[in-house]
Amino acid sequence: MCMEKLRAASYADLDMDEFLFLLGRLHPAVVHLPIGILFLLAAVELASLFPRGPRLTPALRTFVLGLGAAGALVAVVMGWLLAGEGDYDDTLLARHRLLGLAVATFAVATLGMHLRGWRRGYAATLMLTVAALVPAGHIGGSLTHGAAYLTAASSDPKRVRPSDPAQALVFADVIHPILQQRCVSCHGAAKQNGDLRLDAMAELSKGGKTGPVLKSGNANASLLMERVWLPLETKGHMPPEGKPQLTETEAALLEWWINAGVPVDQRIADLNVPPSTVELLSIHFGVPPAPPPDRAIMLLAAEKLEHRLGVQIRPLTADGPWLTANARLLATGFGDDQLAALASVAPALQRLDLGETAVTDAGLPALAAMKNLRHLHLDRTAVTDRGLVQLAPLARLEYLNLFATNVTDAGLNELRVLPQLRSLYLWRTQVTPGALAEFAQRQVDPRRISRWQGEIAALEARIRHEEFRGNLGEQMGVVVTPAVATPLPSFVPAVLVPREVGPEPAKVSNNSHCPVSGEPVDPSITETMDGQVVAFCCEDCRKKWRLLDG
Amino acid sequence: MRFLINPDFINECQRNWSRRTFLGKSAQAIGSLALGALLNPRLLGGAQGARWTGVLSAPHFLPRAKRVIHLCMAGGPSHVDLFDPKPQLTRLHGQPFPDSFTKGEQLAQLQNTQLIARGSSFGFSRCGRSGQQISDLLPHTQRIADDICIVRSMHTEQINHDPAHAFMNAGSIAKGRPSMGSWLLYGLGAETENLPGYVVLMSGKVDQPVSSRQWSAGFLPSRFQGVQFQSRGAPVHYVGNPEGVCQSVQRQVIDEIAELDRNEAELSLDPEILTRLAQYELAFKMQSSVPDLTDLRRESAETLSSYGVKSPGDGSFASNCLLARRLAERGVRFIQLYHRGWDHHAEIDPKLATLCRETDQPAAALLKDLKQRGMLDDTLIIWGGEFGRTPMGQGTGRDHHINAFSIWMAGGGIQSGLTWGSTDELGYKYVDDGQKMHVHDMHATMLATFGIDHKKLVYRSQGRDFRLTDVHGEVARGILR
């Protein structure tokens, strides 16, 4: 039996299975009381050895021992039920069970010794009780929190994480610590939920109950990432709601690692890491982000360049550090040399218009320094596929205009590494429609979009649930509906919805609560009936609904 | 206090402070005041021939648009026939228009007549993925439905053409207010110095002229006024040199005149002299930039046919649209195209069809052409008239209507595929639901696409700060991308 969540609406509706499940889950709570009682008793007995220490009356001893022993027995029963849930490491569990039984047995024996009046036997069994209690408790903690729980926070003296991300080992310094911190408490040596261990590479490759969790080279198809990407409220989301979650950076690093073919022993510097991932690593390693360029210095440099070259370089906004440069109207008067001269303002440039200028492939390496460039116009220039290779370092580029240039499908391929590229203009180039369609599909992550659509659907369902509808009847002519904040545009632009790619986007349902159980719905579990989409909280309810329907 | 009423003192005053001395001395004082008012270093900077880069050093927040193309359908196109289907109105066709709507409202020529509802004779279709409703009279616009945002809740305050144009352009009917193009030039300057920053082109029947005050700079220095190019024939007359005068001689002449003008400017500090200097420079540069503008040899036949241009420079809307695109490529900030003939007081059905045929294809082609050149992202296109037409009939036509009309906007930071705002079930008045768009709101939103806070672009004139939206205007945030 493995129930992760009670389905009953209230405790009065519990059936036997659920009741036992509940008892088992109470073991960690209940067990601490007899531990406290027995330890206190032992402490008092120890203190009473001293002349001025406290004294226990026999009646008190009986009472306390009775409570302690009874509590221990109840805890043992509950623990047995919890063990039945499975997923605990067998060795540890066996030890804990044995020790727990021992504690209960010795506690009862101590009570017996006391009632019989055997002083020495009483002392012996009490000492045995305490002696068994310590390791039993410790193993109990290991079972719940993981074997390394006590020492988890302190750093491993053998492995010091390098401060420079480039020198870090991929698995040992980047991936392993993430898994260790977020996953191994339930998927490690002490506990293997779903028969899955994530504490070592060998174990990761083996996978778990439903199969392998990693598909090298394809994060979209990896079960590990699928669980991480599910909306938080969904049943299958990992780590489970309530436990510390993976940060966006950590999830993105795992995704990159899988897509890169799960490298293990290499250093970051030896791998071909795209600039966006370099940025993620910097964030992850706590390297402070590069400060934005100094506005005053940049504006001075911009003014000098304007005088010298005639390029229009203006601040993008009144108080930000970014600049926009326009060389278009200089036409042939602006070439590769002038482009190189823009180096003094390179870090601050966010928009650059080089359309219709005399810039060629040879001048494009000057763009590498413009790390913050978002808009780039290269239309009607002599740029070719070779030049597009130079655009690879532009990790922030969103808009690229290559209209009327001699770019071909091969050049388009070079642009794959630009993670933020969203607008690409290729009229009057030699790029074919098929190549562009394929490029577009690869640039858009359909799983991420369907995940977000699922989150939107869940939020919209919540908004609808919050609306209040008051009606005093037609004759009164009054209907009260408090205004909902800014109505959402009903049209989602086509470019956001990838066509013929990946799984179908989540169907939007009308209900926010499951018709079978009344629980909040999981928007990904739906059934369509009479053109209406109905959502359920779990698969069981969906099955029940279909049976009802006949 | 005795000295103040000392008779000697009073005599002294009477002697020295005569009318003559007062006028003489105050001229100096007033002159100094004028100097103080005029010493805007940026305005005077133009005296040295330096280009105008805008009174704002940069937009207040992130800009999306760099230029505007305003397709003004002069005369007032009918919204219930083109962008705002009203089936309820069609059902009411021929019957008296409900009093509850029109009681006490301002009407134009229909004042004191019996008001009969008039439904649209044309069908509407839902177009594109967005499903926006556009009349079948505009098949080309139907095909760009996913790129435009139709605003149905436009309304204005002026019911006749000239004041309404002034209101649409300047936000006020008072004379001397600058038009929106002039405000933009004042605020940001133009990207080009070889062409005027604000260009106006006309097309359509000449029955209702559009006054040139619509593109005047008002109280702003006149270097910011719009310049009308000719749509028939050469856009600018006398662009070439006269016979026997070569370019270098032209240059010398202009330099000499500029020297004289500068001397005069130092003496009289008249900003209009600086305008003159700037215009002479511009005219000199236009001698080479205008022939380049009109050189259509590099335009492919497909482009010309997509716009529907039969013969470039024939004065048609299509030819003007093509020219507008070329102006946009050359860094002009505000391009305004007026197409006259939409004032359909009679025979609206055939006339509307004609006007749509004249404007539909070129407008859609302009948008598509900008889009494929990657220019739509930073070009704001506005299509619309100065007001709308009544849902009540006027004989076989419709009268002027101010309470509701439709425009569409595209590009430059405007969401696409969206219908913004709505009107009541008969198309009489806009619905006040947070999506209304008054002319002032349109101005505020337009400035917002440039990253300009409409409350912060001001000019001091006659003792107070003026702005395009004056004391009104709300940015329609929901329409911005």
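Convention: sequence-line order gives letters A, B, ...; per-chain numbering from 1.
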Fill in: Main-chain N/O of B:Asp377 paired with A:Tyr399 side-chain donor or acceptor, under 3.5 Å
no

Fill in: Neighbour count above 12 (heavy atom, 6.0 Å) for B:Asp424 CG
yes

Practice prompt. Go through the atoms of B:Lys66 and report whether side chain, backbone, both or neither lie under 4.5 Å from a heavy atom of chain A.
Written response: side chain

Fill in: A:Thr317 versus B:Phe61, closest heavy-atom pair with distance
CG2-C, 3.4 Å

Worksheet item: Considering residues, nucleotides and ligands other than B:Lys368, do more than 12 of their heavy atoms fall under 6.0 Å from its NZ?
Response: yes

Fill in: Heavy-atom closest contact (B:Pro59 atom, A:Pro315 atom, distance)
CD-O, 4.1 Å

Worksheet item: Would B:Leu62 and A:Leu316 satisfy side-chain contact (heavy atoms from CB on, under 4.5 Å), going step by step from the backbone distance to the final call?
Response: CA-CA 7 Å; B:Leu62 198 70; A:Leu316 192 58; 3.4 Å; yes

Worksheet item: Taking atom CD of B:Gln372 and atom CZ of A:Arg428, what is their separation to the nearest 0.5 Å?
Response: 7.5 Å

Practice prompt. Return yes when atom CD of B:Glu425 has more than 12 non-hydrogen atoms of other residues, nucleotides or ligands closer than 6.0 Å, and no otherwise.
Written response: yes

Worksheet item: Distance from A:Phe403 atom CZ to B:Met375 atom CE, nearest 0.5 Å?
Response: 9.0 Å

Worksheet item: B:Leu376 and A:Tyr425: side-chain contact (heavy atoms from CB on, under 4.5 Å), yes or no, with the steps?
Response: CA-CA 11 Å; B:Leu376 189 59; A:Tyr425 290 92; 5.7 Å; no

Item to complete: Please look at A:Thr324 and chain B and tell me whether the side chain, the backbone, both or neither of the residue comes under 4.5 angstrom of a heavy atom of that chain.
Response: neither

Item to complete: Please test B:Asp378 against A:Arg351 for side-chain contact (heavy atoms from CB on, under 4.5 Å), starting from the C-alpha separation and ending with a verdict.
Response: CA-CA 12 Å; B:Asp378 50 21; A:Arg351 297 191 187 172; over 6 Å; no

Worksheet item: Once you round to the nearest 0.5 Å, how far does CZ of B:Arg373 lie from NE2 of A:His377?
Response: 14.0 Å

Worksheet, complete the sentence: Honestly, the part of A:Asn401 sitting under 4.5 Å from a heavy atom of chain B is side chain

Practice prompt. Pick one of side chain, backbone, both or neither for B:Arg477, based on which atoms fall under 4.5 Å of a heavy atom in chain A.
Written response: neither

Discussion item. As an exercise: rank B:Gly434, B:Gly128, B:Pro63 by heavy-atom pairs under 4.5 Å with chain A and give me the winner.
Written reply: B:Pro63

Worksheet item: Does atom CD of B:Glu474 have more than 12 heavy-atom neighbours from other groups under 6.0 Å away?
Response: no

Worksheet item: Would B:Glu191 and A:Arg314 pass as an ion pair if we require N to O under 4.0 Å?
Response: no

